[in-house]
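Just below is one structure, and these are the notes that go with it.
The chain is numbered in sequence order, starting from 1. When reading the values below, keep in mind they use all heavy atoms of this one structure, side chains included, and skip hydrogens, waters and symmetry mates.
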Amino acid sequence: MIPELIVLAARQRFNAISNTLLDLANILAPLLGGFLLTLHWLNLRGFLLINGLSFLLSLGLYLSIRYPPHHSTQATLGIKASLLTGWRYVWQRPILIETIALGGLLNVMYAAFKLVLPYDVQHIYGGQSARYSYLLIAMAVGGILGGLRLTLAKRLPRHQQNYGDLGLLAGMLLLAGAFPNYWMLLGSSVVIGFCYTCFDIRALTITQELTDPAYLGRMFGLLFLAMDAFQPLGSFIFGFVTDELGNATLLLVGSCFLIGLVGIYQGYQRLARRSR
C-alpha cells in the first residue's frame with residue numbers, strides 16, 4: 001500500500017517513523033505490562049482482554065484508510081507462473097538480489113547475537129534478569145536512533161550505504177566477542193540495534209522505489225522469506241556453538257558476517273556487469 005499512499009521523496013521518512021514507533025513500543029510495552037501487574041485486581045483474563053482490544057483498535061485504524069488500489073488488467077497467474085515471473089523480474093535487477101541476500105545474512109547473524117545475550121547474562125554477569133532487560137532496551141534505543149537518523153535524512157537511500165552500516169555492525173560483534181565486558185556488550189547492543197534498523201528501513205525503501213507495483217507483493221515475499229527462512233537454521237547451529245564457545249561465539253558471528261558481506265558485494269558486482 002505504501003507506494004500508492006506515499007510519494008517517493010517521503011517514503012524513507014515514512015518507513016523510518018513507522019519503524020521508530022515499533023521500537024518505542026518495544027520499550028513502552030514492558031513498562032505498561034509492569035504497571036498493569038501492580039494492579040492486583042487484574043488477572044490473566046484481563047491481560048488477554050486488553051490485548052484483544054488493542055488488535056481491534058488496530059483493525060479499526062486500518063479500515064479507516066482510504067486509497068484507490070491499483071487494479072491490474074492482466075489475467076491472474078497461478079502459483080508456479082507467479083513465482084517464475086517474479087523470480088525472473090528480480091534476477092534482472094541486481095540491487096534487489098543484493099538487498100535480499102543482505103537481509104538473509106543480517107537476520108541469521110542477528111538471531112545468533114540474540115542467542116548469546118541470555119547466555120552471557122546467565123554465565124558471565126550473574127544471571128540477573130534486569131541486565132538482560134537492559135540489553136533488550138539498548139537494542140530498542142539503538143533502533144529508535146536509527147529511525148531518527150533516516151527520518152532526518154534529506155537524500156534518497158543508496159544501496160552502498162548498507163555496507164557501511166553492516167560493516168559497523170560486524171565490527172561491534174567482534175569487539176563484544178573480544179572483550180567480555182557488560183558495558184561493552186551494552187554499548188554494542190545500542191550500535192547493533194541502530195545498524196539493524198537503518199538497513200531494515202533502507203531495504204524497504206529501496207524495494208518500494210525499484211519494484212513495479214505488479215511485482216511488489218512477490219518481491220516483498222522473497223525479501224521477508226530471505227529474512228525469516230534461515231533464522232531457525234542459524235539459531236539451531238549457533239545454539240550449539242554458544243554452548244561450546246560462550247561469549248567468543250560473537251567473534252565467529254562477526255567474522256562470518258564480514259566474509260558474507262564481502263561475498264555478497266562481489267556477487268553484486270558480477271551481476272551488475274552482466275546486466276549492462
Closest non-hydrogen atom pair between Pro180 and Ala178, with its separation: CD-O, 3.5 Å
Separation between CG of Leu56 and CG of Asn51, rounded to the nearest 0.5 Å: 10.5 Å
Full working for side-chain contact (heavy atoms from CB on, under 4.5 Å) between Leu96 and Trp91: CA-CA 8 Å; Leu96 295 182; Trp91 188 252; over 6 Å; no
pair Val253-Val116: side-chain heavy atoms closer than 4.5 Å: no
Note, Arg88 side chain near Thr85 side chain (heavy atom, < 4.5 Å): yes
Note, Asn19 side chain near Asp23 side chain (heavy atom, < 4.5 Å): yes
Side-chain touch Tyr132/Gln122, heavy atoms, less than 4.5 angstrom: no
CZ/Phe47: more than 12 non-hydrogen atoms of other groups inside 6.0 Å: yes
Within one Ile-Leu-Val-Met-Phe-Trp-Tyr cluster: Leu169 and Ile201, side-chain cutoff 4.5 Å: no
Tyr163 with Leu210, same ILVMFWY side-chain cluster at under 4.5 Å: yes
Spacing of Leu102 atom CG and Asn107 atom CG [to the nearest 0.5 Å]: 11.0 Å
Residue of the set Leu173, Leu168, Leu185 for which side-chain contact (heavy atoms from CB on, under 4.5 Å) holds with Ile192: Leu173
Contacts table for residues 134-148: side-chain donor-acceptor under 3.5 angstrom, sequence neighbours left out:
none

side-chain contact (heavy atoms from CB on, under 4.5 Å) evaluation trace for Ile50 with Leu42: CA-CA 10 Å; Ile50 292 173; Leu42 188 66; 4.2 Å; yes
ILVMFWY cluster, Leu175 and Val191 together (side-chain gap under 4.5 Å): yes
Inter-residue atom distance Asp120.CG - Thr242.OG1, 0.5 Å rounding: 8.5 Å
Audit row: Arg202, Thr99, side-chain contact (heavy atoms from CB on, under 4.5 Å) steps and yes/no: CA-CA 9 Å; Arg202 201 177 288 119; Thr99 302; over 6 Å; no
Whether Tyr110 and Tyr196 hold their rings parallel, tilted or perpendicular, with breakpoints at 30° and 60°: parallel
Tyr265 and Tyr268 aromatic ring geometry - parallel, tilted or perpendicular at 30°/60° bounds: tilted
Any side-chain heavy-atom pair of Asn15 and Leu150 under 4.5 Å: no
Contact summary for Phe240 and Phe236, nearest pair of heavy atoms: CD1-O, 3.1 Å
ILVMFWY network linking Ile237 to Phe257, side-chain heavy atoms under 4.5 angstrom: yes
Atom pair CD1 (Ile206) and CD (Gln12), whose distance is rounded to the nearest 0.5 Å: 8.5 Å
Least distance between heavy atoms, Thr205 atom then Pro157 atom: CG2-CG, 3.6 Å
Closest heavy-atom pair and its distance - Phe199, Leu106: CD2-CD2, 3.3 Å
Arg218 vs Thr211, side-chain hydrogen bond (donor to acceptor under 3.5 Å, both in side chains): CA-CA, chis, key distance, verdict: CA-CA 10 Å; Arg218 278 168 283 185; Thr211 308; over 6 Å; no
Separation of Leu186 CG from Leu117 CG (nearest 0.5 Å): 10.0 Å
Exceeds 12 heavy-atom contacts within 6.0 angstrom, atom CD of Glu244: no
Common cluster, Tyr62/Phe14, ILVMFWY with side-chain heavy-atom separation under 4.5 Å: yes
Closest non-hydrogen atom pair, Leu61 against Ser64: O-OG, 2.5 Å
Test side-chain hydrogen bond (donor to acceptor under 3.5 Å, both in side chains) applied to Arg149 and Asp165, Thr20, Thr197, the passing residue: Asp165
Which atom of Leu250 lies closest to which atom of Ala176, heavy atoms considered: CD1-CB, 3.7 Å
Chi angles and distances behind the side-chain contact (heavy atoms from CB on, under 4.5 Å) call for Leu204, Phe220: CA-CA 9 Å; Leu204 289 175; Phe220 273 121; 3.5 Å; yes
Non-hydrogen side-chain atoms of Asp212 and Tyr89 separated by less than 4.5 Å: yes
Residue pair Val90 / Tyr215, side-chain heavy-atom distance below 4.5 Å: no
Side-chain donor-acceptor contact under 3.5 Å, Glu98 with Asn162: no
Sub-4.5 Å side-chain heavy-atom contact between Ser18 and Leu21: no
Euclidean distance, Ser189 OG relative to Lys114 NZ, rounded to 0.5 Å: 11.5 Å
